[in-house]
Amino acid sequence: MIINLPGGNQREFDSEKSLFDIANEISPSLKKRSIVARLNGKLVDMDTVVTTDSSVEFITTDDPEALEVLRHSSAHLLAEAIKTLYPHAHFGVGPVIEDGFYYDIDLGEDILSEKDLPIIEKEMAKIASQNSKIEREVVSKEQALELFKDDPYKVELINELPESEEISIYKQAHFTDLCRGPHLPGTKWIKNFKLLSLAGAYWRGNSDNVQLTRVYGTAFFTKEELDEHLNLLEERKKRDHRKLGKQLDLFMLSEYGPGFPFWLPNGMILRRELESFWYDVHLKEGYKLIQTPIMLNKELWEISGHWANYRENMYTSTIDDMEFAIKPMNCPGGMLVYKRDIHSYKDFPLKVGELGLVHRHEASGALNGLFRVRNFTQDDAHIFMTEDMIVQEIRELVRLFDYMYKVFNLEYHIELSTRPEDKFIGKVETWDRAEKALADALESMGQDYKLNPGDGAFYGPKLDFKLKDSMKRIWQCGTIQLDMNLPERFDLTYIDSNGEKQRPVMLHRALYGSIERFIGILIEHYAGAFPTWISPVQVKVIPVNNEYHLEYAKTLVGELKDQGIRVEIDERDEKLGYKIREAQTKKIPYQLVIGDKEVESGQVNYRRYGEQNQVAVPTYEFIEMILAEIKEKK
RNA sequence: GCCGAAAUAGCUCAACCAGGUAGAGCAACUGACUUGUAAUCAGUAGGUUGCGGGUUCAAUUCCUGCUUUCGGCACCA
């Protein structure tokens, strides 16, 4: 039997051997470090016996796959501990997730609270220290059903496994789980783990099903890595935009309006900067700007289809015996504007933008700071054109989006969502053409994207721009959606070169997505230390001694204000250190300390936020520098 | 919406487990100090303990309904 190893090496063995033995033959230390192995491309347990010529790659603790195995086995260990403490517990699923693992558990009448987590952890550690072997066994469906007959969730899973699939179970000490594997050779590897949180989670992710208790945890091979991860979690909490929003006086929320954010003066500056940037860019790009009403007659929403499809999320009001709805989207209003005029193919592409305030009644449990609110401003635009313009327009948009996101140093990836399986309107051929147009545009630019089959809106395929925040959550911000529905429903037309009426193609697109959410992401992205151009206060002037330096400081503030720089002076009778500390905690980009030296030389002494060194420059030089920085959006 | 947890001064938190009508730091205000890169000192004021109901001689504390927030789930045209 010949075993091919990575790097073109080969070993020959007379008889069948377990992967343990093979690793041992290569080197005892390899055996010690190996968690699982890739046998002919498939990850398997170390006690797997190899009988024929094969390729083998040992996965050691250094490989990323090993971490997943560790976490998967940690989930089993968690289950075993729970089973020990709560013998009546039934188990759902316990998979590995991005930063750890979880297990869904039915505890019957029992309720777990955070206080129980350390107790469970202790039990886990106790079991792990016994170093029981984790062993795989293949069973028939009947055996599996018999084995898990008291576990209703497992029975459900077993019954849904395809007949062709081999059913395996994993045994460790006093616990056996239905599992595909692979797993660690033994529980002794599980040393550095932590249970993090509890949550309710619907069985199989369906809200019609019962809710199980989900325990989240994480695990690493070394204590250092675990500590580092836990520190990271702490760090992320510090960046939480809700916390920073409070500290930096950006926005507030009130019980009187759950999900309706209030913008404070500092937050308004962020908004206004983002909005005026948006307006500038869009005017440059040839967009026309409009504003449509917040509230429109129910009949309009019947035409648009929102009344039938989106009513649950709409706020309504009856006025003069007529029913009105507050707009959850801007498009129907935009349609009315389009229909006001007769359009020619010569007008195309017609790009119409609107920063429109929409209201959506989101589920109470979904609300989350600025990330999920009930009223928000969409930076919407509708682009009307002929079908053969699609590829070119998409290219233009991807370029525009890329430019805007780069200004903020934001990472993103694009997803192409295609026709839903059953719920869609229009002809399949039209969908195919539209999807191809989107894909062609991306490919012609060499732009990578992920395919999201069946995830399109019912009215058309879309490109979503997903930004990653500091909590590693993915947020949909930008979106480009082809709409094959509204032009039809509103009977939009244009006159083609033959003088005949035609149906235009329409794109919806949003770049920030929602200004509120985008600001939330920026707060966390910058940890509240905004680049100068959007910073609510750009410069803080601090006189060393009011008696001698206040006058000069005030003159300086005047000069900066004349240049449009947002500057504040701290003229309180406090120690210098006190005022500096406050300027630092408010994360103001530049603090200028004005004392004798500056007054005498006509200079300023600045310190950039996040830096320790102080720089003395002539006032005009400082002004030139900061103006350039603002202009370049740094 | 669902599961679980929480709500005390403007902010961050204590007192609650074993009921006896709340305390600290920061911020605010007053005064003194007159300062060179992250907190000067002293004093003053600040609370219907989220809202309502119940148990009790007595409720911030125990029970309960509601509201909001947090962690998730579901949702997210």
Side-chain angles (χ1 to χ4, degrees), chain A residues 102 104 107 111-116 196-216 237 240 242-243 246-247 249 252-259 304-306 308-310 312-314 328-332 358 360-369 371-374 378 417 420 423 455-460 462 464 475-476 479 481 483 485-486 508 510 513-514 517 540 542-550 572-586 591-598 605-607 609 611-614 616:
Chain A
Y102 66 78
D104 283 349
L107 289 158
I111 291 166
L112 283 189
S113 80
E114 305 275 341
K115 292 179 198 108
D116 298 314
L196 296 170
S197 63
L198 287 166
Y202 296 108
W203 168 236
R204 317 203 79 174
N206 185 336
S207 57
D208 295 332
N209 292 342
V210 290
Q211 254 186 359
L212 306 177
T213 302
R214 177 171 296 179
V215 181
Y216 284 95
K237 261 190 213 160
D240 190 313
R242 291 166 297 195
K243 194 169 173 167
K246 208 180 262 182
Q247 273 165 21
D249 305 309
M252 60 173 253
L253 291 159
S254 160
E255 270 190 53
Y256 292 104
S304 70
H306 287 88
N309 292 301
Y310 203 65
E312 279 178 12
N313 286 301
M314 288 163 71
M329 293 178 209
N330 299 303
C331 16
V358 297
R360 298 181 184 178
H361 186 261
E362 301 288 350
S364 58
L367 302 179
N368 177 328
F371 284 161
R372 197 76 182 271
V373 290
R374 284 181 171 155
Q378 277 188 317
S417 297
K423 204 185 168 194
D455 217 31
F458 76 88
Y459 54 72
K462 58 179 184 167
D464 285 328
W475 291 101
Q476 186 191 313
T479 178
Q481 309 183 345
D483 191 330
N485 183 40
L486 288 183
H508 304 257
S514 134
R517 174 181 291 179
K540 185 72 129 187
I542 303 175
V544 173
N545 184 326
N546 279 345
E547 203 172 322
Y548 306 111
H549 313 127
L550 186 59
R572 291 173 302 177
D573 265 333
E574 289 290 352
K575 286 237 188 235
L576 183 62
Y578 179 88
K579 295 197 262 193
I580 283 168
R581 183 185 139 78
E582 189 169 288
Q584 293 295 314
T585 55
K586 294 288 181 190
Q591 63 173 40
L592 308 185
V593 172
I594 302 303
D596 287 343
K597 279 183 264 172
E598 288 70 32
N605 186 310
Y606 75 82
R607 178 174 149 188
Y609 178 77
E611 290 174 15
Q612 287 300 320
N613 55 319
Q614 303 151 35

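Note on naming: letters A, B, ... go to the chains in the order of the sequence lines (proteins, then strands), and numbering restarts at 1 for each one.
Taking atom NZ on A:K115 and atom P on B:rC16, their separation rounds to 14 Å, with Å as the unit. With rounding to whole Å, A:D573 atom CG is found 10 Å from B:rU35 atom C1'. In this structure, the CZ atom of A:R581 is 14 Å from the C1' atom of B:rU40, given to the nearest Å. Rounded to whole Å, atom C1' of B:rU35 lies 9 Å from atom NZ of A:K579.
Position along RNA chain B of the nearest nucleotide to A:S113 versus A:Q614 favours A:S113 as the more 5'-ward residue. Between A:A457 and A:V544, it is A:V544 whose nearest contact on RNA chain B lies nearer the 5' terminus.
Residues satisfying the salt bridge (Lys or Arg N to Asp or Glu O under 4.0 Å) test with A:R372, not counting sequence neighbours, are A:E362. Not counting sequence neighbours, the partners of A:D483 by the side chain to side chain donor-acceptor pair (under 3.5 Å) test are A:H508.
Taking every side-chain heavy atom of A:L576 into account, B:rU37 is the closest of B:rU37, B:rG1, B:rU34. In this structure, of B:rG36, B:rG71, B:rC75, it is B:rC75 that holds the atom nearest to the side chain of A:E362. With B:rU37, B:rA38, B:rU35 as the choices, the nucleotide that has an atom nearest any side-chain atom of A:Q584 turns out to be B:rA38. Listed nucleotides: B:rC33, B:rA38, B:rU37. Nearest to the side chain of A:T585: B:rA38. With distances taken from any side-chain atom of A:A366 to the nucleotides B:rA74, B:rU34, B:rG36, the minimum falls on B:rA74. Checking B:rG36, B:rC76, B:rC73 against the side-chain heavy atoms of A:E598 singles out B:rG36 as nearest. The side chain of A:S197 sits closest to B:rG71 out of B:rG4, B:rG71, B:rG1.
The gap from the P atom of B:rU44 to that of B:rA7 amounts to 30 Å, rounded to the nearest Å.
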Just the atom pairs and distances: protein N or O near nucleotides 27-29 of chain B's N or O, under 3.5 Å.
| residue | atom | partner | partner atom | Å |
| --- | --- | --- | --- | --- |
| B:rA27 | OP1 | A:Y578 | OH | 2.7 |

Can you check nucleotides 63-70 of chain B for protein contacts, nitrogen or oxygen pairs under 3.5 Å, and list what you find?
| residue | atom | partner | partner atom | Å |
| --- | --- | --- | --- | --- |
| B:rU67 | O2' | A:E255 | OE1 | 3.4 |
| B:rC70 | OP1 | A:R242 | NH1 | 2.9 |

Report all interatomic pairs (protein N or O, nucleotide N or O of nucleotides 12-14 of chain B) with separations under 3.5 Å.
| residue | atom | partner | partner atom | Å |
| --- | --- | --- | --- | --- |
| B:rU12 | OP1 | A:K246 | NZ | 3.3 |

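Within the 3.5 Å criterion, the main-chain N or O of A:L112 finds no donor-acceptor partner in the side chain of A:D116. A donor-acceptor contact shorter than 3.5 Å is absent between the side chain of A:H361 and the backbone of A:R374. At distances below 3.5 Å, at least one donor-acceptor pair connects side-chain atoms of A:K579 with backbone N or O atoms of A:R572.
Using a 4.0 Å heavy-atom cutoff across all strands shown, A:N313 reaches no nucleic acid atom at all.
Secondary-structure annotation of RNA chain B gives the stems B:1-7 with B:67-73, B:10-13 with B:23-26, B:28-32 with B:40-44, B:50-54 with B:62-66, with a stem taken as at least 3 successive Watson-Crick or G-U pairs whose two distances both fall under 3.5 Å.
Between the side chain of A:Q211 and the base of B:rC2, at least one donor-acceptor pair of N or O atoms lies under 3.5 Å. With hydrogens and angles ignored, a donor-acceptor pair closer than 3.5 Å exists between the side chain of A:Q591 and the base of B:rU37. For a distance-only test at 3.5 Å, the side chain of A:R517 fails to qualify as a donor-acceptor partner of the base of B:rC76. For A:Y202 and B:rG1, a side-chain-to-base donor-acceptor distance below 3.5 Å is present, hydrogens and geometry of angles not being considered.
Between A:P328 and A:N313, the closest side-chain pair of non-hydrogen atoms is not below 4.5 Å.
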